[in-house]
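Here's the structure, in structure tokens; my notes come after.
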Amino acid sequence: MSDLKTVYPVPEAFARDALIDKARYDEMYARSINDPDGFWAEQAQTLDWIKPWDRVKNTDFTGDVSIRWFEGGQINIAQNCLDRHEATRGSKTAIIWEPDDPKAPGRRISYSELAAEVRRFANVLKAQGVAKGDRVTIYLPMIPEAAVAMLACARIGAVHSVVFAGFSPDSLSGRITDCGSTVLITADEGLRGGRKVPLKVNADKALDHCPDVTAVVVVRHTGGDIAMKDGRDIWWHEAMADVSDDCPAEPMDAEDPLFILYTSGSTGKPKGVLHTTAGYLLYAALTHKYVFDIKDDDVYWCTADVGWVTGHSYILYGPLANGATTLMFEGVPTWPDAGRHWEVVDKYGVTIYYTAPTAIRALMREGEAPVKRSSRKSLRLLGSVGEPINPEAWRWYYDVVGDGRCPITDTWWQTETGGLMIAPLPGATDLKPGSATLPLFGVKPVIVDNEGQPLEGACEGNLCIADSWPGQMRSVYGDHERFAQTYFSTFPGMYFTGDGCRRDEDGYYWITGRVDDVINVSGHRMGTAEVESALVAHPKVAEAAVVGYPHELKGQGIYAYVTLKSGETPSEALRKELVAWVRNEIGPIATPDLIQWAPGLPKTRSGKIMRRILRKIAANEHEGLGDTSTLADPSVVEDLVGNRMNGN
Ligand code: WTA
């Protein structure tokens, strides 16, 4: 340990050309905290406004919780991301699309072309009766049409809800129903790692439960044979064939909704996280520009999927607002082999590469050879997102992928925060492997103990944010009370992130992972309650408790304790059946890694499941089980310990 470097200073060469150096960061950060109105008003000048705002910040974390930025202002996001760049960089590539199959042709779409496509698709949506405020669900693979569909919604003021293409028909129909979409945009099939994903078939199954959906626009992507329903389904290419590319941008109020994105919480069904217009765009654009040090000639690649918030803010809105070239990749890092990402980097001269620790760990396992086959000399900056990055993976990323030249920006944030919150600015911040380092502009982190007392100096506790920032979510769609309850009631007056965090003696933040019943599997959020309710929906299951456990590749794996109904016998076949059942109910990302048969679950005398104990058993920390005397039946624990499943 001791001979490993623990601090990586900003490389001089990088600092020289960086947009922001240390002194400038200190000055801007201080101003953003001491004079938020002045700071954000100045930053907002970087956007094109239809009508200027009357008031910059009007936010209240108490009572009903109300968050409003740039009230009175009007703006259109598609206009800011596209039309305004046409004059200065119309022929610049906006989107590079690299398909799943390395031999298939990719696409380069210029700002002018993308703007025209978006205006045409906006007219297609209008022709389907979509108007300002209507919800549109998007269930598409990583193809440019996903970007076109999202921006077309933004252009006419429709609210998009993108559902990750790996979700099951049930998950899709639940999300369509919750937000009351009447239009769905999907494709015949998706492609990932050479395998087809039956999107239209899934969509049809989902729509059996969504009678209000009146139109389905289908992209022909693989050309696979699918059924089209008369009077409901239309082909994207046919609808686009003879539509005008003239479509004025709808003037949107700053606080008009832009999108809903469903995410898992500790309890119940996924929540529709609601983001609005001006504050979100400003925050996504500003964080993207400064954290990735964006210059006009950069080729920027974020490997996320548009189905997650990272795809929304850092494949689409942030980069396009900044007039950058953003790369969209349909495939996976390990297909056809573990060198694919680096081939793509060389093919397009990618300068900034942003991925998740789980991908890095998977590639690290394949050794250095697939990396070293490529040049990667175009790279100048690396990024990490989605889960804590273990220092071993950080160093491999730095030394092997970045050849020791490229800073790594480890970005901590959430679907709820809309944009990056804690992250190094590569020209300003010295790095420590495993730390997301320092807060970004306008972000005021507070670490509190379990009683809600703010802790000072070096400490560890629950991570809260003391005041609002423009990218913050505004509500849970259709349930504002749940919003106030979930995020502002645990530690009143503060936004509670659900994450644990340590602050070191230099003021650096180290996220330690979720402290609630959310688990982070390969950088994807999963609520234990969701997996449990999928399991108990199986006719043979009486009860289930799900916890996370440390997993070498995924960060956390899904560990399920299952009690069968009396008369049912555990078997390998039933275990497989339950795994398949959960995949089918939620989607492959919810696949339980381990299922342990539990004759009983540890409960308090009042019947509450003691998850703390289940987490310890799953993590193989039997010594630390703590006090089990409050259990109704302590022998249950012995049985569970004795029959623990071995993971990884
Ligand atoms: C975790 C993804 C440590 C964290 C953008 C958070 C991280 C949850 C990091 C949000 C990071 C995200 N270091 N942990 N750099 N980034 N997380 O909503 O637990 O899918 O609360 O947003 O991921 O996941 P979400």
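Order of listing sets the numbers, starting from 1, for every ligand and every atom in it.
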| task | Compute the ring centroids of Y283 and W413, then answer whether they are less than 6.0 Å apart. | result |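 For Y283 and W413, the ring centres are not under 6.0 Å apart.
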
Within the supplied structure, the quantity of interest is the number of heavy atoms (other residues, nucleotides, ligands) at a distance under 6.0 Å from [X] [atom1]; does it exceed 12?
X: E392; atom1: CD; value: no
X: E366; atom1: CD; value: yes
X: R24; atom1: CZ; value: no

| Which distance, rounded to the nearest 0.5 Å, do you find between the CD of E532 and the CG of D517? |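 With rounding to 0.5 Å, CD (E532) is 7.5 Å from CG (D517).
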
| message | Going by salt bridge (Lys or Arg N to Asp or Glu O under 4.0 Å), name the residues that satisfy it together with R482, two or more places apart in sequence or in a different chain. | response |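 By the salt bridge (Lys or Arg N to Asp or Glu O under 4.0 Å) rule, R482 matches no residue at all.
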
| Under a strict 4.0 Å criterion on non-hydrogen atoms, which protein residues are in contact with ligand 1? |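 These residues qualify: V309, T310, V385, G386, E387, P388, D410, T411, W412, W413, Q414, T415, D499, I511, R514, N520, R525.
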
